[in-house]
2 protein chains.
Amino acid sequence: MTVEKFKTATLRLTPQRLAILEFLHGNASHPSADDIFCAVKKRFPTMSLATVYNTLEALRSVDGIRELKIDSSRRRYDPNTMRHHHLICHSCGTIVDIHAVYQLDVPPELSKKFDVVGNQVEFFGICRPCEDRKAGIIG
Amino acid sequence: MTVEKFKTATLRLTPQRLAILEFLHGNASHPSADDIFCAVKKRFPTMSLATVYNTLEALRSVDGIRELKIDSSRRRYDPNTMRHHHLICHSCGTIVDIHAVYQLDVPPELSKKFDVVGNQVEFFGICRPCEDRKAGIIG
DNA sequence: GTGATTGCAAACTGTTTGCATTTTG
DNA sequence: CAAAATGCAAACAGTTTGCAATCAC
């Protein structure tokens, strides 16, 4: 668990960090720094955004979080550091985790010039609720 | 060609836009707005960054460019709007295009809740030059 | 000539940094 | 007690916006 990783590193477990860890635990909403800040501020009114960034960096240093590049205007974070993929609804922006392993090869002329270590797939489409909503507007 | 797309839309072909189009044509370096700005400014010293963003938006509106979310600190652009994938060297950041079609399925419980339209694969690894450089330092 | 575009500066947003104060281990 | 973290404010970087002057069609 992430708490242990903090202890083995020279990282301190402050109440603020614990609150952030708790918010993140099992959280599959792929929150931004500000999402985390707003959620945790409810219990820690003095919490600062800088502390959120500080904690995210600490988490990253012990591989307790992964940074997503799915959103071009802000970084989003994923406490699930197991290799997985994402499916994004291009209508509402919902991001769903996909736990599957895809064994993909790059063209041979490239595999000579590159040592390919892994891949990450981003699926896109439209989710049922959005689809229904559209059908409602049109028909 | 993109010039035609501009004409059919109500978009005007200014010298600045032509210079940007020319810089972008066949360019596989996945430049940022600032990269484009710096490159084009050499010929157009009065060029402004706002014009670059304006042109990028105009291009996007006619599907003449695609926005990449590969870099978390700045947007990068790809004038190749054909569906393709990318291979990134996590040492030097080089981005290489991969033209291959991967027919991937999402788990059945998700395909019921989502109409999946496509996918984009990001491969990562290390390129030969970086690998050699590392070997040189170590050995 | 008219409506779109330019270029500048100012505004904005997300992220980072510096530092005095407080806290953890 | 020493080293690390907090919280604030200021600094930054990338992007967006408002607008008068200019330009393409």
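Numbers restart at 1 for each chain; the letters A, B, ... are given by sequence-line order, proteins then strands. Please read these numbers as outputs of a predicted model, since none were measured by experiment.
We find that CG of A:L56 is positioned 9 Å from P of C:dT15, with the value rounded to whole Å. Atom CG of B:N54 is separated from atom P of D:dC23 by 16 Å (rounded to the nearest Å). With rounding to whole Å, A:M47 atom CE is found 10 Å from D:dG7 atom C1'. Between the NZ atom of B:K41 and the P atom of C:dG7 there is a distance of 12 Å, given to the nearest Å. Straight-line distance from the CG atom of B:D71 to the P atom of C:dG14: 18 Å, rounded to whole Å. We find that CZ of B:R75 is positioned 10 Å from C1' of D:dT16, with the value rounded to whole Å. The nearest whole Å value for the distance from the CZ atom in A:R76 to the P atom in C:dG14 is 12 Å. If you take CD of A:E57 and C1' of C:dT17, they are 13 Å apart, rounded to a whole angstrom.
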Discussion item. For B:H85 and A:V106: C-alpha separation, side-chain torsions, deciding distance, then whether side-chain contact (heavy atoms from CB on, under 4.5 Å) applies.
Written reply: CA-CA 10 Å; B:H85 311 278; A:V106 305; over 6 Å; no

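Residue B:R17 has a polar side-chain atom (N or O) positioned under 4.0 Å from OP1 or OP2 of C:dT6. Taking only side-chain nitrogens and oxygens, A:T46 comes nearer than 4.0 Å to OP1 or OP2 of D:dG7. For A:T51 and D:dA5, the shortest distance from a side-chain N or O to OP1 or OP2 is not below 4.0 Å. Remark: A:T14 is in phosphate contact with D:dT6, judged by side-chain N or O atoms under 4.0 Å from OP1 or OP2.
Within the 4.0 angstrom heavy-atom criterion, only backbone atoms of the sugar-phosphate kind lie near B:L13; the bases stay farther away. Contacts of A:S32 with the nucleic acid, taken as non-hydrogen atoms under 4.0 Å apart, are absent. Contact annotation for A:P45: no contact, since no heavy-atom pair falls under 4.0 Å across all strands.
Both B:F44 and B:S72 lie close to DNA chain C; mapped to their nearest nucleotides by heavy-atom distance, the more 5′-ward contact belongs to B:F44. Residues B:D34 and B:Q16 both approach DNA chain D. Their nearest nucleotides, taken by heavy-atom distance, put B:D34 toward the 5′ side.
With C:dT15, D:dT15, D:dG7 as the candidates, the nucleotide lying closest to the side chain of B:A33 is D:dT15. For B:Y53, counting side-chain heavy atoms from C-beta on, the closest listed nucleotide (C:dG25, D:dT16, D:dG7) is D:dT16.
The base of C:dG3 sits within donor-acceptor range of the side chain of B:R12, with an N or O pair under 3.5 Å. For B:R74 and D:dA13, a side-chain-to-base donor-acceptor distance below 3.5 Å is absent, hydrogens and geometry of angles not being considered.
A salt bridge links B:K69 with A:E122: the distance from a Lys NZ or Arg NE/NH1/NH2 to an Asp or Glu carboxylate oxygen falls below 4.0 Å. A:R60 and A:E57 are joined by a salt bridge, as a carboxylate oxygen and a charged side-chain nitrogen come within less than 4.0 angstrom of each other.
The closest side-chain donor-acceptor pair between B:S32 and B:D35 falls under 3.5 angstrom. The closest side-chain donor-acceptor pair between B:D71 and B:H30, if any, does not fall under 3.5 angstrom.
The aromatic ring centroids of A:Y53 and A:Y77 lie 6.0 Å or more from each other.
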